[in-house]
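Read the structure below first, then the notes.
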Amino acid sequence: MGRLDGAAAETRSIPADRTRAELDALAKLLRAEGITVHRPEPARHDRLFQTVDWKERGFSSACPRDAVIVVGDELIETPLAWRARYFETDALRPLFLSYFRAGARWSSAPRPDLKDELYEEAHGEWLDDARPPMFAGESEPVLCAADVLRCGRDLFTMRTAGTNLAGIEWLRRHLRATHEVHEIKPRLPVGGMLDTIFLPLAPGEFLVRDAAIDPTQLPETVRAGTIRIAPKTSVQNANLAMNVLQLDPKRVLVEESQTDMTRALTSWGYDVRPVPLDGYAVLGGSLRRATLDIRRRSERPTS
C-alpha cells in the first residue's frame with residue numbers, strides 16, 4: 001500500500017496529514033479483513049538524479065500499482081514514461097527481494113531512455129477534455145502498470161498518454177506463452193489510466209464508462225460476460241469513481257464521496273464499504289491506485 005512520506009514537491013497539493021491518516025485507516029481496515037499489508041519504507045523522493053540525457057527529481061511512493069504488474073508468481077516492473085518516476089520502485093526493493101527469496105519470479109522491462117524525442121505534443125480532442133500537454137510516442141516501449149488489468153489468463157490494456165503500443169507489444173511477447181493480452185480501444189485518446197474507465201468487478205462481470213468505451217467494441221471475452229455501465233455523476237472527481245478496490249467478488253471499497261457509484265454497486269448486489277481517500281485525486285487515482293495486490297486466493301465454484 002502507498003505511502004506519502006518523503007514525497008517530492010509535486011505532491012504537496014495533497015492534504016498530506018489528512019491523507020496519511022486516511023491511508024493508515026485503510027491499512028487498519030484491510031488488516032481487519034485478514035489481508036496482509038506491506039508499506040514501502042519512507043524514501044527521499046526529492047533528491048536530484050540524472051542519466052546521460054537529463055536531470056530530474058523523484059515523485060513519491062503513493063501509487064505502487066502504477067509501476068508493477070503481478071501475474072501469478074511473477075513481479076513485473078514496468079517502464080514508466082515519467083522521468084520523475086524513474087527509480088520509484090526502489091522503495092519496494094526490500095519487499096521484492098523477500099518475495100524473490102521465497103520463490104517468486106522478478107523481472108523488469110527494459111529501462112527506457114526517456115529522451116526528448118519520445119514525447120509528442122498532444123493535439124485534438126481527448127477524453128473528458130483532459131488533454132495532456134505531452135504524450136509518449138513510439139520510439140521505445142513505455143507502459144504504466146495501471147493501464148493493465150489481469151483477469152485469469154486474460155490481461156486487458158490500453159494506449160494512453162503514458163502507455164504506448166510498443167509497451168503493449170513488449171508485454172504481449174513477454175507473456176505470450178501463458179497469457180493473452182487484449183487491447184481496449186477507447187472512443188477518444190485517453191490521458192488517464194485504464195482502471196478509471198474499464199474494470200473487471202468479479203468473474204464474468206465488467207464495469208465500463210460508456211462515454212469512454214463503446215461496449216460493442218470490447219474484446220469478445222468481455223462481451224460474453226455481464227457489462228455494467230458506470231453511473232453518470234456530477235460529484236467532484238467523477239472520473240475517479242471507478243477506481244474502486246475489490247476485496248473479493250462481492251466486497252468492494254469505494255471512495256466515500258462517490259455516492260452514485262456506491263448506490264450502483266449496491267443495486268448490483270455488491271457489499272460496498274465507503275472509505276475516505278479524496279486526497280489521492282491529485283494523483284489521478286483513488287483506492288485502487290493506492291494499493292497493489294500481490295497475492296489473492298482463488299476458490300473454484302463447487303457447482
* Which heavy-atom pair separates M134 from A161 by the least distance, and what is that distance? ->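 Taking every non-hydrogen atom into account, O-CB, 4.3 Å.
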
Counting only pairs under 3.5 Å, give me each side-chain donor-acceptor contact of residues 79-95, with atom names and distances, residues two or more places apart or in other chains.
{"unit_1": "R83", "atom_1": "NE", "unit_2": "L114", "atom_2": "O", "d": "2.9"}
{"unit_1": "R83", "atom_1": "NH2", "unit_2": "L114", "atom_2": "O", "d": "2.8"}
{"unit_1": "R83", "atom_1": "NH2", "unit_2": "D116", "atom_2": "OD1", "d": "2.8"}
{"unit_1": "R85", "atom_1": "NE", "unit_2": "E88", "atom_2": "OE1", "d": "2.7"}
{"unit_1": "R85", "atom_1": "NE", "unit_2": "E88", "atom_2": "OE2", "d": "3.4"}
{"unit_1": "R85", "atom_1": "NH1", "unit_2": "D66", "atom_2": "OD2", "d": "3.0"}
{"unit_1": "R85", "atom_1": "NH2", "unit_2": "D66", "atom_2": "OD2", "d": "3.0"}
{"unit_1": "R85", "atom_1": "NH2", "unit_2": "E88", "atom_2": "OE2", "d": "2.8"}
{"unit_1": "Y86", "atom_1": "OH", "unit_2": "P112", "atom_2": "O", "d": "2.7"}
{"unit_1": "T89", "atom_1": "OG1", "unit_2": "E77", "atom_2": "OE1", "d": "2.5"}

* side chain to side chain donor-acceptor pair (under 3.5 Å), paired with S61, selected from H45, E41, R39 ->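 Among H45, E41, R39, the one meeting side chain to side chain donor-acceptor pair (under 3.5 Å) with S61 is H45.
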
[X]: what forms a side-chain hydrogen bond (donor to acceptor under 3.5 Å, both in side chains) with it, not counting sequence neighbours?
X: T291; value: R65
X: T178; value: none
X: R105; value: D73
X: R223; value: none

* For residues 109-151, pull every pair meeting ring pair (Phe, Tyr, Trp, His ring centres under 6.0 Å), keeping only residues two or more places apart or in separate chains. =>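 Output for this query lists W126-F135.
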
Quick one: does any side-chain atom of [X] pair with a main-chain N or O of [Y] as donor and acceptor, under 3.5 Å?
X: R176; Y: V181; answer: no
X: T196; Y: M193; answer: yes
X: T163; Y: D147; answer: no
X: R172; Y: E180; answer: no

* Decide, yes or no, whether a salt bridge links E22 with R20 under the criterion of side-chain N to carboxylate O below 4.0 Å. =>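 Salt bridge between E22 and R20, a charged N being under 4.0 Å from a carboxylate O: no.
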
* Sequence neighbours left out, what passes ring-ring contact (aromatic ring centres under 6.0 Å, His included) with F198? Give chain and number order. =>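 Expected list: F156, F206.
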
* To do: Give a yes or no on whether F49 atom CZ has more than 12 heavy-atom contacts from other residues, nucleotides or ligands under 6.0 Å away.
  => yes

* To do: Report, as yes or no, whether the 6.0 Å neighbourhood of atom NZ on K28 holds more than 12 heavy atoms from other residues, nucleotides or ligands.
  => no

* Structure fact -> Sorted by chain and number, sequence neighbours left out, side chain to side chain contact (heavy atoms under 4.5 Å, CB included) with Q217 holds for D214

Which pairs count as salt bridge (charged side-chain N to carboxylate O under 4.0 Å, His left out) when at least one residue sits in [range], sequence neighbours excluded?
range: residues 234-249; answer: D248-R251
range: residues 194-203; answer: D195-R288
range: residues 232-245; answer: D210-K232

* Residues S107 and E74: side-chain donor-acceptor under 3.5 angstrom ->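 The criterion, which ignores hydrogens and geometry beyond distance, is satisfied for E74 and S107.
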
* If you measure only the distance, is there a donor-acceptor pair under 3.5 Å linking the side chains of H182 and D154? ->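 Side-chain D/A pair, H182 to D154: present.
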
Count I, L, V, M, F, W, Y as connected when their side-chain heavy atoms are under 4.5 Å apart, and connections chain through other members. Are [X] and [Y] then in the same cluster?
X: V68; Y: V142; answer: no
X: L194; Y: V190; answer: yes
X: L207; Y: L149; answer: yes

Name every donor-acceptor pair, under 3.5 Å, that has one atom in a side chain of residues 263-278 and the other anywhere in the protein, sequence neighbours excluded.
{"unit_1": "R263", "atom_1": "NH2", "unit_2": "D260", "atom_2": "OD1", "d": "2.6"}
{"unit_1": "T266", "atom_1": "OG1", "unit_2": "T262", "atom_2": "O", "d": "2.8"}
{"unit_1": "S267", "atom_1": "OG", "unit_2": "A264", "atom_2": "O", "d": "2.6"}
{"unit_1": "Y270", "atom_1": "OH", "unit_2": "E205", "atom_2": "OE1", "d": "3.4"}
{"unit_1": "Y270", "atom_1": "OH", "unit_2": "E205", "atom_2": "OE2", "d": "3.3"}
{"unit_1": "D278", "atom_1": "OD1", "unit_2": "R18", "atom_2": "NH2", "d": "2.5"}
{"unit_1": "D278", "atom_1": "OD2", "unit_2": "R18", "atom_2": "NH2", "d": "3.4"}

* For the residue pair H174 and W170, categorise the inter-ring angle as parallel (less than 30°), tilted (30 to 60°) or perpendicular (more than 60°). => parallel

